[in-house]
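In what follows, a structure is listed as structure tokens, so that the remarks can point back to it.
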Amino acid sequence: MPELPENEAQRLTLERECLHRTIEAAELGENITHIDLPGDNELGRLKGRQFTETRRHGKNIFLGSKSGPWITVHLGMSGWLIPYDAPEPEPDHTKFRIVFEGDRRLAFRCPRKLGHVKIVDDPDAYISAQDLGPGALAMDRDVFTDFIGGSKAAIKSALMDQNRIAGIGNLWSDEILFQTGRDPASRGSDLDDQTLDTLFDTMRAALSKGVDVEADYSRLPDDWLIPNRKDGEPCPRTGCGGSLTHHKVGGRTAYYCPVHQS
DNA sequence: GTGATTGTTAGTAA
DNA sequence: ATTACTAACAATCA
């Protein structure tokens, strides 16, 4: 379930659970055809080292140290990083694991195999090679408003364009547009300057709150979309009175309220 | 069986 | 050249 807030929560978990422990081994799991994982040579480079820092850019998580190497993880659609202590059982669908000295383990669970793990020497070089845009919570207002204001694509698709804004996916784009009161299929180029500013502020506030609650949706406000994101639910916006519905925008399912989002 | 899923990307079209 | 849209990827679930 990984967009910017979820990935940031994962980074925090790694920060708390996986630093300053000597790596005994890095290993592949079972049933790993069709998933992008490091080869044996790469795995060997991790042995004997310690991770000392974490980073995140958009939906990409990095775990490493000044002198490298780093591992970078993308969770894909269903990936999750799970620290645990032996002899607790390893999670199902573990595709990659790190064995730390002592009992600590880190499992990369990825049942749908759309995530990946790579070994990289320099996170910054990796980020620029991937052509990722600036992180949604790190970017300047002008860069955001220039891009959205000049985009003829559906505004939902523009918000999710990782090459321009890194970190926003299907759920959080819906949330941002719900709070801004815009139809997900509308065009960014149709927005006036004031609305673009509001959209930027709303994006920052929504994602920041998601980060604050460590992506625990039960701790999001009741009048937000995500905790109510289901067909036929009453629109949670106070006094709106509409009903939530959905349709396809840019190949993804967009949930929205047809009454207050235009 | 049908259609859906919180993501990315190769290929195509404009 | 740039931008926008679609289908495909793999596994699971309703």
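Atoms considered below: every heavy atom in the structure, side chains included; atoms not considered: hydrogens, waters and symmetry mates. We name chains A, B, ... by the order of the sequence lines, and we start the count at 1 in each one.
- At whole-Å resolution of the value, CD in A:Glu3 and C1' in B:dT8 are 13 Å apart.
- Of the candidates C:dA11, B:dT6, B:dT8, B:dT8 carries the atom nearest the A:Lys59 side chain, counting heavy atoms from C-beta on.
- A:Thr22 and A:Gln50 form a side-chain donor-acceptor contact under 3.5 Å, judged by distance and modelled atom types alone.
- Ring geometry for A:Phe144 against A:Phe200 counts as tilted: the plane angle lies between 30° and 60°, on a 0 to 90° scale.
- Within the structure, a side-chain polar atom (N or O) of A:His74 is placed less than 4.0 Å from OP1 or OP2 of B:dT8.
- For the pair A:Arg252 CZ and C:dA7 C1', the interatomic distance rounds to 13 Å; values are reported in whole Å.
- If you measure from atom CG of A:Asp146 to atom C1' of C:dT3, you get 17 Å, rounded to the nearest angstrom.
- Nucleotides B:dG11 and C:dA10 have their P atoms positioned 15 Å apart, rounded to a whole Å.
- Atom CD in A:Glu30 sits about 19 Å away from atom P in C:dA10, given to the nearest Å.
- Considering only side-chain N and O atoms, A:Thr253 lies under 4.0 angstrom from the phosphate OP1 or OP2 of B:dT5.
- A:Lys248 places its NZ atom 7 Å from the C1' atom of B:dA4, with the value rounded to the nearest Å.
- Aromatic ring orientation, A:Tyr126 versus A:Phe62: perpendicular (interplanar angle above 60°, classes split at 30° and 60°).
- For the C1' atoms, the distance linking B:dT6 with C:dA4 amounts to 23 Å, nearest Å.
- Atoms NE2 (A:His34) and P (B:dT9) sit 18 Å apart, rounded to a whole Å.
- Regarding A:Leu171, its CG atom lies at a distance of 8 Å from the P atom of B:dG7, rounded to whole Å.
- Taking A:Arg49 as the reference, A:Ser65, A:Ser67, A:Pro69 meet the side-chain contact (heavy atoms from CB on, under 4.5 Å) condition, with sequence neighbours excluded.
- One atom, CD1 of A:Ile35, and another, P of C:dA8, lie 22 Å apart when rounded to the nearest Å.
- Aromatic pair A:His260/A:Phe178: centroids less than 6.0 angstrom apart.
- Comparing A:Arg112 and A:Gln130 by the nucleotide of DNA chain B whose heavy atom lies nearest to each, the residue mapping closer to the 5' end is A:Arg112.
- For C:dT12, the OP1/OP2 oxygens have no side-chain nitrogen or oxygen of A:Lys113 closer than 4.0 Å.
- For B:dT6, there is no paired nucleotide, since no Watson-Crick or G-U wobble pair has both relevant distances below 3.5 Å.
- The side chain of A:His93 places an N or O atom within less than 4.0 Å of a non-bridging phosphate oxygen (OP1 or OP2) of C:dT12.
- Using a 4.0 Å heavy-atom cutoff across all strands shown, A:Lys95 reaches no nucleic acid atom at all.
- When distances run from any side-chain atom of A:Asn31 to the nucleotides B:dT8, C:dA11, B:dG7, the shortest one goes to C:dA11.
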